[in-house]
A.B. asks: 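Mind having a look at this structure? Questions to follow.
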Amino acid sequence: MNTLEKTDHYILNTYPRQQTVFVKGQGATLWDDRGNAYTDFLAGIAVTGLGHCHPGVVRAMAEQAEKLIHVSNLYYTEPQAELAELLVQKSFADKVFFANSGAEANEAAIKLARRYFREKNDTGRFKIITMDKSFHGRTMATLSATGQEKIKQGFSPLVDGFDHVRFNDIQALKSRMDGSVCAVMLEPVQGEGGVVPADPDYLKQVRQLCSEEGCLLIFDEVQTGMGRCGELFAHEHYGVVPDIMTLAKALGNGLPIGAMLASDDAATGFAMGSHGTTFGGTPFVAAAALEVVKTVSDPSFLTAVREKADYFAHRLNGLKERHSSVRQVRGVGLLLGLELDAKQPDIVLECMKKGFIINLIQDKIIRFAPPLVITKEEIDGLVKALDALL
Ligand code: PLP
């Protein structure tokens, strides 16, 4: 059996895979096993922000792998402490909990929000309001939090205590707000839901409402964080600060790591033994993530992301002007979406044939989440290919 056959035979068939075997990556380029090169406009779904096999991250991994890969969270390790300190210095937060994925980071946030009120002897506050079309993960609690019916099918009974309201609609949120709500949880830019940014006023009003009602505000920045949107965290664009934020995806540039960041006050929800995981913040992944945070948080790096993002959006808007099949271009930073007026199931494969990797969500929205090191020339190449295909 070849790799495709073995994969389809031995691995549970839960992913709609392209018939391609990748063997190598460097920067924004991937190579398949037939030697074909592709420019990657997906970055492992917003994961390899610094590009494939980034030399600094590879060096940090290699050096740490020779020293110490894993002990346990029953002990202290230097990379974990350094990473936590840097994340706190670069964010609103005071405390960090390390997990292994976005779903796990969100699971931690959900648990923290509930337990925060139990610590205060407020047993009535347990409900978490999330948004229609949101995506928070595939564990039982995070899929219950997710506002998309299709990913919940077949898994009932779901975890109790989640409510969903229309995104960008403050009245909808107000109408469901009561003394049973412990938190509101949302993505500043909905990723899986179709690359839909929060309206600036809306996010400010959500913050105000949560403060007035005495519940916590959780930002899921699993997809939008780590420079993806042109600031280290997307919420910085909005000037709105949450109580809890979750990160994953690009934090490890490909190594599995998630993090939940909390203010000192919100963090009081967890006490000794409240939560834990074997691999969370293991020295190997923490060393890689430390290199990622140092690199991405450099102001000149973020300025370059914003410049390229503006250029990319401008070029995509040019496509919209030329092709009536393009309905809308939207997004923030290098998380961009191009909505088509009809389903285009073949566009991903057609783009691959031209040497570009893109991603289609909701059948007709092309999501672009390239490595943040993408060049203007690479953007030009993709736009030319899309121009021909559209
Ligand atoms: N939250 C958001 C906003 C995401 O985009 C994702 C994944 O796409 C997740 C959570 C889940 O992350 P993971 O797949 O690492 O569990």
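Just follow the structure's listing: the first ligand is 1, and inside any ligand the first atom is 1. In what follows, every heavy atom counts, from backbone to side chain, and hydrogens, waters and symmetry copies are set aside. These numbers come from a predicted model, not from an experiment.
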A.B. asks: Taking 4.0 angstrom as the limit, do Asp122 and Arg125 come out as a salt bridge?
C.D. replies: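 Salt bridge between Asp122 and Arg125, a charged N being under 4.0 Å from a carboxylate O: yes.
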A.B. asks: Which protein heavy atom lies closest to atom 1 (N) of ligand 1, and at what distance to 0.1 Å?
C.D. replies: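 Ranked first by proximity to atom 1 (N) of ligand 1 is Asp220 OD2, 2.7 Å.
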A.B. asks: Centroid-to-centroid, His70 to Phe284, below 6.0 Å?
C.D. replies: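 No: the rings miss the under 6.0 Å criterion.
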A.B. asks: For ligand 1, which atoms have a heavy atom of Ser101 less than 4.0 angstrom away?
C.D. replies: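 Matching atoms, with element in brackets: 15 (O), 16 (O).
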A.B. asks: In the protein, what heavy atom is nearest to atom 16 (O) of ligand 1, and what distance, to one decimal place, separates them?
C.D. replies: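 I find the closest protein heavy atom is Ala103 N, 2.8 Å.
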A.B. asks: For Glu187, which part has a heavy atom under 4.0 Å from ligand 1: side chain, backbone, both, or neither?
C.D. replies: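 It is the side chain that gets close, since no backbone atom is under 4.0 Å.
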A.B. asks: Closer than 4.0 angstrom, basic N to acidic O: yes or no for Arg306 and Glu231?
C.D. replies: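 Salt bridge between Arg306 and Glu231, a charged N being under 4.0 Å from a carboxylate O: yes.
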A.B. asks: Run the numbers for me: atoms of ligand 1, each under 4.0 Å from some heavy atom of Asn106, listed by number.
C.D. replies: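 What qualifies from ligand 1 is 1 (N), 10 (C).
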A.B. asks: Can you figure out which of Lys249, Glu107, Glu192, Gln223 has its heavy atom closest to atom 7 (C) of ligand 1?
C.D. replies: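 Minimum heavy-atom distance to atom 7 (C) of ligand 1 goes to Lys249.
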A.B. asks: Against heavy atoms of Phe135, which atoms of ligand 1 measure under 4.0 Å?
C.D. replies: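 Matching atoms, with element in brackets: 1 (N), 2 (C), 3 (C), 4 (C), 6 (C), 7 (C), 8 (O), 9 (C), 11 (C).
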A.B. asks: In the complex you have, is atom 14 (O) of ligand 1 within reach of the protein, judged by whether a heavy-atom distance drops under 4.0 Å?
C.D. replies: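 Protein heavy atom within 4.0 Å of atom 14 (O) of ligand 1: absent.
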A.B. asks: Considering only protein heavy atoms, which is closest to atom 12 (O) of ligand 1, and at what distance to one decimal place?
C.D. replies: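 That would be Gly102 CA, 3.3 Å.
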A.B. asks: May I ask you to list the atoms of ligand 1 that are less than 4.0 angstrom from any heavy atom of His136?
C.D. replies: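 Under 4.0 Å from His136, ligand 1 has these atoms: 1 (N), 10 (C).
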A.B. asks: Using a strict cut-off of less than 4.0 Å between a Lys/Arg side-chain nitrogen and an Asp/Glu carboxylate oxygen, indicate whether Arg367 and Glu192 qualify as a salt bridge.
C.D. replies: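 Salt bridge: yes.
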A.B. asks: Between Glu350 and Lys353 (salt bridge meaning N to carboxylate O under 4.0 Å), is one present in this structure?
C.D. replies: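 Yes, this pair counts.
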A.B. asks: Are Tyr38 and Phe22 close enough that their ring centers fall under 6.0 Å?
C.D. replies: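 Yes, they do, as the ring centres are separated by less than 6.0 Å.
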A.B. asks: Has Ile45 got any heavy atom lying under 4.0 angstrom from an atom of ligand 1?
C.D. replies: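 No; Ile45 lies far enough from ligand 1 that no heavy-atom distance drops under 4.0 Å.
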A.B. asks: Give yes or no for whether the N/O distance cutoff of 3.5 Å, strictly under, is met between Val222 and ligand 1.
C.D. replies: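 So ligand 1 has no N or O lying under 3.5 Å from an N or O of Val222.
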A.B. asks: Parallel, tilted or perpendicular: which one describes the rings of Tyr311 and His314, with boundaries at 30° and 60°?
C.D. replies: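 Judged by the thresholds at 30° and 60°, the geometry between Tyr311 and His314 is tilted.
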A.B. asks: Between the side chains of Asp341 and Lys364, is the shortest nitrogen-to-carboxylate-oxygen separation below 4.0 Å, so that they form an ion pair?
C.D. replies: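 No, Lys364 and Asp341 are not salt-bridged.
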